Colleague: 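Okay, here's the structure, questions in a sec.
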Amino acid sequence: MADLPGLVVTGASGRMGQMLIRTITSSDRARLVGCVERSGHDWVGRDVGECMGGPAMGVIVSDDAPTVFAKAQAVIDFTAPTATVEFAALAAQAGIVHVIGTTGMEGDHIAQLTPAATRAVIVRAGNMSLGVNLLTRLTQKVAAALDADWDIEVVEAHHRMKVDAPSGTALMLGEAAAQGRGVSLTDVRDSGRDGITGARKRGDIGFAAIRGGDVVGEHDVIFAADGERIVLRHLATDRAIFARGALRAALWGIGQKPGEYDMMDVLGL
Ligand SMILES: NC(=O)C1=CN([C@@H]2O[C@H](COP(=O)(O)OP(=O)(O)OC[C@H]3O[C@@H](n4cnc5c(N)ncnc54)[C@H](OP(=O)(O)O)[C@@H]3O)[C@@H](O)[C@H]2O)C=CC1
Ligand SMILES: O=C(O)C1=N[C@H](C(=O)O)C[C@H](O)C1
């Protein structure tokens, strides 16, 4: 057991934090060696199992990331962009793998990961599930096969607590569609339509976001032409799919050279 790779979870109290803790502690391929929450959080200093309403796990939640990272081979981080940038520097200092599930990262956040990736492995993806990563490849292939007579729209739905839009997954799918078409998403992205928007511009890739209830995550990529429509769809009904993907990414990352990777690399897609 002590030989298994040691993993840390940041944002331990979050929806994904708790799912990751359950996934790691029920796996026979890794062990949980630390949990991090921000200073002042009422879980800090308490056993994480008890915080989650179950038996003690022997892991005390800490707000001291550098000390906890020093005991681990990888950290799995589903938090928020500013926190993730800070954790990337600390993971690089400790020389451990940093698996990033955090979405809503803007260009400047992503640029700040580059120095860390010269010293350590970073695996980052807007969606860690096998299904979505397969859908991403399919989207690229379908987009490559069709011309701009086919309008591309990405529609996503998530729970009422989600703070970023379009979702990280929607952007992954949009990027794949743009790549398939041989264009840059920045040049053709159309998100947040409201009011008199004018007719749709040929070649644009549109995004629409629905927020409500407890929806785990739903994504449609629609290819709409005159007289016909293709819809590629992924429905997530359980956050365990993301946690399993993140665990797989952490174990894969431990054997790699420093650099920035994504789930396509991990899954070999
Ligand atoms: N890539 C993927 O496959 C998936 C990605 N996600 C993404 O993961 C992220 C988290 O989602 P979810 O678990 O639902 O969100 P939650 O809000 O439930 O959890 C976020 C956690 O991060 C902590 N956190 C936020 N900011 C900081 C900070 N500055 N320092 C330390 N901790 C911080 C929060 O602590 P506090 O409560 O104190 O704010 C909380 O514990 C989102 O970006 C989401 O889009 C989600 C699912 C799948
Ligand atoms: O915030 C979420 O919940 C999710 N976020 C990711 C995203 O932004 O795509 C992945 C998944 O859809 C759930």
Side-chain angles (χ1 to χ4, degrees), residues 5-12 14 16-17 19-21 23-24 27 29-30 32-38 64-130 132-133 136-137 164 167-176 179 185 239 241-269:
L7 308 187
V8 171
V9 173
T10 55
M16 278 307 300
M19 181 56 77
L20 286 159
I21 290 163
T23 303
I24 296 166
S27 161
R29 301 188 61 207
L32 184 70
V33 295
C35 286
V36 174
E37 258 303 343
R38 62 169 124 210
D64 179 3
T67 302
V68 177
F69 287 10
K71 295 187 292 193
Q73 276 79 57
V75 51
I76 306 185
D77 175 20
F78 286 60
T79 55
T82 48
T84 289
V85 166
E86 286 170 25
F87 290 138
L90 297 175
Q93 247 167 48
I96 64 172
V97 175
H98 188 191
V99 176
I100 302 175
T102 306
T103 60
M105 298 193 58
E106 307 281 356
D108 57 331
H109 297 122
I110 294 165
Q112 289 180 66
L113 301 179
T114 307
T118 61
R119 299 171 60 188
V121 170
I122 292 182
V123 183
R124 185 173 69 88
N127 196 304
M128 303 259 169
S129 80
L130 174 60
V132 159
N133 282 276
T136 304
R137 272 287 174 259
D164 55 307
S167 69
T169 311
L171 292 170
M172 254 170 80
L173 294 165
E175 288 282 1
Q179 236 175 45
L185 183 61
R239 288 187 176 84
I241 61 172
F242 312 128
R244 283 200 296 269
L247 171 58
R248 185 166 173 172
L251 297 174
W252 177 88
I254 289 168
Q256 306 301 317
K257 292 198 188 107
E260 289 186 67
Y261 302 90
D262 61 22
M263 279 310 281
M264 298 293 185
D265 299 310
V266 174
L267 298 169
L269 293 174

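For clarity, every value in this text was computed on a predicted model and none was experimentally measured.
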Colleague: Determine whether V8 and V36 satisfy the following criterion, side chain to side chain contact (heavy atoms under 4.5 Å, CB included), listing intermediate values before the conclusion.
Modeller: CA-CA 8 Å; V8 171; V36 174; 4.0 Å; yes

Colleague: Please identify each residue that fulfils side-chain contact (heavy atoms from CB on, under 4.5 Å) with A250, with sequence neighbours left out.
Modeller: L7, A74, I76, V99

Colleague: Restricting to side chain to side chain donor-acceptor pair (under 3.5 Å), what partner residues turn up for T10, sequence neighbours left out?
Modeller: D77

Colleague: Looking at T84, is its backbone amide N or carbonyl O close enough to the side chain of T102 to form a donor-acceptor pair, meaning the two atoms are under 3.5 Å apart?
Modeller: no

Colleague: Once rounded to the nearest 0.5 Å, what's the spacing between atom CD1 of I241 and atom OG1 of T23?
Modeller: 11.5 Å

Colleague: Rounded to the nearest 0.5 Å, how far apart are CZ of F87 and CD1 of I96?
Modeller: 10.5 Å

Colleague: Kindly compute the distance separating CG (D64) from CG (L90), expressed to the nearest 0.5 Å.
Modeller: 9.5 Å

Colleague: Would you say the side chain of V121 lies within less than 4.5 Å of the side chain of H98, judging by non-hydrogen atoms?
Modeller: no

Colleague: Verify side chain to side chain contact (heavy atoms under 4.5 Å, CB included) between L113 and R124, making sure each step is shown before the conclusion.
Modeller: CA-CA 10 Å; L113 301 179; R124 185 173 69 88; 3.8 Å; yes

Colleague: Give me the atom names and distance for the closest heavy-atom approach of A120 to A92.
Modeller: CB-CA, 3.9 Å

Colleague: Kindly compute the distance separating CZ (R137) from CG (L173), expressed to the nearest 0.5 Å.
Modeller: 12.0 Å

Colleague: With a 4.5 Å limit on heavy-atom distance, are the side chains of R248 and L267 in contact?
Modeller: yes

Colleague: Starting from the C-alpha separation in whole Å, work towards a yes-or-no answer on side chain to side chain contact (heavy atoms under 4.5 Å, CB included) for Y261 and Q256.
Modeller: CA-CA 10 Å; Y261 302 90; Q256 306 301 317; 4.0 Å; yes

Colleague: Could you pull out the closest heavy-atom pair between E37 and A12, with the gap in Å?
Modeller: OE2-N, 3.3 Å

Colleague: Under a 3.5 Å distance rule, please check whether Q73 uses its side chain to pair with a backbone N or O of G6 as donor and acceptor.
Modeller: yes

Colleague: Identify the two heavy atoms, one from M263 and one from A249, that lie closest to each other, and give their separation to 0.1 Å.
Modeller: SD-CB, 3.8 Å

Colleague: Taking all heavy atoms of A94 and all of F69, pick out the closest pair and write down the distance.
Modeller: CB-CB, 4.0 Å

Colleague: What's the separation between atom CH2 in W252 and atom CG in D265, rounded to the nearest 0.5 Å?
Modeller: 5.0 Å

Colleague: How far does NE2 of H109 sit from CD of Q112, to the nearest 0.5 angstrom?
Modeller: 6.5 Å

Colleague: Could you please spell out the steps behind the side chain to side chain contact (heavy atoms under 4.5 Å, CB included) verdict for R244 and M128?
Modeller: CA-CA 8 Å; R244 283 200 296 269; M128 303 259 169; over 6 Å; no

Colleague: Going by heavy atoms in the side chains, are P258 and R119 under 4.5 Å from each other?
Modeller: no

Colleague: Which pair of non-hydrogen atoms, one from L251 and one from P5, has the smallest distance, and what is that distance?
Modeller: CD2-CG, 3.7 Å

Colleague: Do L32 and I21 have side-chain heavy atoms sitting under 4.5 Å apart?
Modeller: yes

Colleague: Any side-chain heavy-atom pair from T103 and S167 closer than 4.5 angstrom?
Modeller: no

Colleague: Who are the salt bridge (charged side-chain N to carboxylate O under 4.0 Å, His left out) partners of D262, not counting sequence neighbours?
Modeller: none

